[in-house]
Amino acid sequence: MRLKILSIATVLILWYAAVLVGVLALPLPHEVAEKFIALFFNPEPVLGKNLIQHSISSLIRVISGSFIAFFLAIPLGILMGWRLSVDAYFSTMIEVFRPIPPLAWIPLAYIIFAGFSNSTQLAQIFIVFLGAFFPCLLSTREFARATDKNLIEMAKAFRASDASILKEVVIPSSIPGIISGVRIGLGIGWMTIVAAEMLATSGSGLGYFIMVMYEVGGRVEEIISGMAMIGLIGYLMNEVVILAEKKLLRWR
Amino acid sequence: MKGFTEIMEISISKSFNGFKVIENISFRVNPGEFVCVVGKSGCGKTTLLRIIAGLEEYEGEIKLDTERIGFVFQDDRLLPWKTALENVLFPIGIEKKIEKGDVELAKKILKLVGLEGFEGYYPKELSGGMRQRVGLARAIIIQPDILLMDEPFASLDELTRQKMQEELIQLWERDRKTVIFVTHSIDEAVFLATRIVVLTPRPSKVAGEVKIDLPRPRDRTSSEFNLYKRKVLNLLRLKSES
Ligand SMILES: Nc1ncnc2c1ncn2[C@@H]1O[C@H](COP(=O)(O)OP(=O)(O)OP(=O)(O)O)[C@@H](O)[C@H]1O
Ligand SMILES: [Mg+2]
């Protein structure tokens with residue numbers, strides 16, 4: 001805890017120092033903090049929404065996109081890790097798409113979903129999906145594949161069916177991989193949504209907020225407040241998953 | 001039906017990628033016997049048990065009168081995410097829904113192997129000896145007709161090991177399960193067995209069998225005990241030098 005405080009204090013001190021010495025043309029931390037607190041509850045006039053509202057918009061997109069990703073990536077990862085034939089079938093198509101950064105999909109995604117009524121929203125969810133899917137898939141697959149062969153043999157000695165082996169041995173072995181996949185997936189999903197929001201008229205969302213604040217005339221305090229909110233939420237999401245991990249992996 | 005004839009008759013050989021490990025192992029096991037199989041490291045003892053348990057291909061023939069086989073492994077092979085109690089219930093849970101009666105039975109068996117009070121412990125919280133007891137409890141909860149044990153006490157210290165041997169014999173005397181127990185300790189084999197099957201080094205054959213006619217509890221320091229040890233040792237030596 002002490003080191004956590006020290007860590008944050010260091011950032012703030014460097015910030016103050018850089019501004020006061022004149023190498024950084026930014027407002028001071030406490031000025032931004034004031035703005036941040038004001039914007040937290042009170043709507044900012046240009047878009048008419050406060051930071052909480054923007055955060056909720058972004059979070060809804062991230063959670064929809066990444067949960068769809070996890071819903072597909074976790075079972076697929078387990079099956080790929082368990083059966084080499086499943087892996088052989090899927091891995092080529094996955095390796096073709098995986099190197100394309102989610103952000104490179106943004107233009108195409110807006111085109112693909114142009115026909116839908118809520119096209120912007122759908123395209124953004126799709127991009128989050130791409131960002132969250134691959135890390136979760138790979139991490140799950142790696143742990144499923146690393147299932148202790150001796151434990152599988154033990155189950156077979158007790159005449160376990162394939163379904164039981166999957167349920168009792170392979171899936172529990174994969175859980176640490178699933179959790180870290182979810183953690184990384186959410187993290188990347190959060191980064192991609194902010195970027196995706198900057199590239200279209202989203203109406204709300206932290207990325208959109210930052211972009212508009214820039215476009216209406218470089219409102220630095222608002223921009224940094226938006227960034228701080230992004231950082232704060234990213235940090236909290238990570239902490240929540242770590243907490244869940246501690247609960248779920250008590251046996252470790 | 002068992003009771004009058006042997007529960008198992010085996011005559012097998014085994015190669016791994018053309019490399020002969022078991023030349024020909026054949027022996028019979030009668031119901032209620034405690035057969036120890038001894039042989040040098042690498043002679044195929046684990047392979048033999050895996051074949052009997054149906055986990056490995058082989059050439060030859062196995063006549064086995066039952067499907068209910070319990071297996072106790074050299075390494076405990078407990079599921080690390082399950083508590084002691086849940087591990088014991090594992091073989092039941094893969095067959096049907098676990099009921100209250102099953103939990104009661106598992107608790108009873110854990111008590112029987114001296115683990116009362118440790119039901120909720122995870123494997124990492126148990127000592128090596130305790131983990132082996134959980135492994136034994138897991139194997140006997142299915143009430144196997146034949147219990148296969150692969151050097152289950154090899155990794156334990158001498159005192160714990162002797163204690164486990166004594167407890168195992170008490171259990172065996174209670175319900176006279178058929179046991180095939182693999183070990184490379186001659187002392188352990190003479191202490192436990194009603195009959196010892198001695199294997200030659202790889203490619204292994206049966207070097208000979210020794211029936212142990214000693215009253216229980218057996219005294220490891222008695223001269224008869226040591227005579228039997230000498231006999232087994234001679235069989236092992238004879239074949240490794242030729
Ligand atoms: N899956 C396998 N593939 C190839 N060779 C194997 C395999 N399993 C066992 N062997 C070989 O078969 C031989 C016998 O192995 P096994 O594990 O049965 O010996 P063991 O008598 O149990 O030895 P120990 O007393 O050290 O446990 C060894 O030479 C081993 O290398
Ligand atoms: Mg072995």
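Any value given below was found using the heavy atoms of this structure, including those in side chains, with hydrogens, waters and symmetry copies removed.
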Original post:
Which answer fits A:Ala155, side chain, backbone, both or neither, if we ask what part of it has an atom under 4.5 Å from a heavy atom of chain B?
Top reply: both
Original post:
Considering only heavy atoms, which portion of A:Ser173 lies under 4.5 Å from any heavy atom of chain B: side chain, backbone, both, or neither?
Top reply: both
Go through the atoms of [X] and report whether side chain, backbone, both or neither lie under 4.5 Å from a heavy atom of chain A.
{"X": "B:Phe71", "result": "both"}
{"X": "B:Leu78", "result": "backbone"}
{"X": "B:Arg68", "result": "neither"}

Rounded to the nearest 0.5 Å, what separates atom [atom1] in [X] from atom [atom2] in [Y]?
{"X": "B:Phe73", "Y": "A:Glu153", "atom1": "CZ", "atom2": "CD", "result": "6.0 Å"}
{"X": "B:Lys82", "Y": "A:Trp251", "atom1": "NZ", "atom2": "CH2", "result": "12.0 Å"}
{"X": "A:Leu151", "Y": "B:Phe90", "atom1": "CG", "atom2": "CZ", "result": "9.0 Å"}
{"X": "B:Trp81", "Y": "A:Arg252", "atom1": "CH2", "atom2": "CZ", "result": "10.5 Å"}

**OP:** Sort by residue number and list every member of residues 115-128 of chain B having a non-hydrogen atom under 4.5 Å from chain A.
**Re:** B:Tyr122, B:Lys124
Subject >> Validation row: A:Asp148, B:Arg77 side chains within 4.5 angstrom (heavy atoms) >> reply: no
Original post:
Do B:Ile94 and A:Arg159 come within less than 4.5 Å of each other through their side chains, counting heavy atoms only?
Top reply: no
Using a cut-off of 6.0 Å, state whether more than 12 heavy atoms not belonging to [X] lie near its atom [atom1].
{"X": "A:Leu108", "atom1": "CG", "answer": "yes"}
{"X": "A:Glu95", "atom1": "CD", "answer": "yes"}
{"X": "A:Leu236", "atom1": "CG", "answer": "yes"}
{"X": "A:Lys4", "atom1": "NZ", "answer": "no"}
{"X": "B:Lys205", "atom1": "NZ", "answer": "no"}
{"X": "A:Met227", "atom1": "CE", "answer": "no"}
{"X": "A:Lys167", "atom1": "NZ", "answer": "no"}
{"X": "A:Phe71", "atom1": "CZ", "answer": "no"}

Original post:
Where do B:Leu79 and A:Glu168 come nearest, in terms of heavy atoms and distance?
Top reply: CD1-O, 4.1 Å
**OP:** Return the option, out of B:Gly70, B:Ala53, B:Pro80, with the maximum number of heavy-atom pairs under 4.5 Å with chain A.
**Re:** B:Pro80
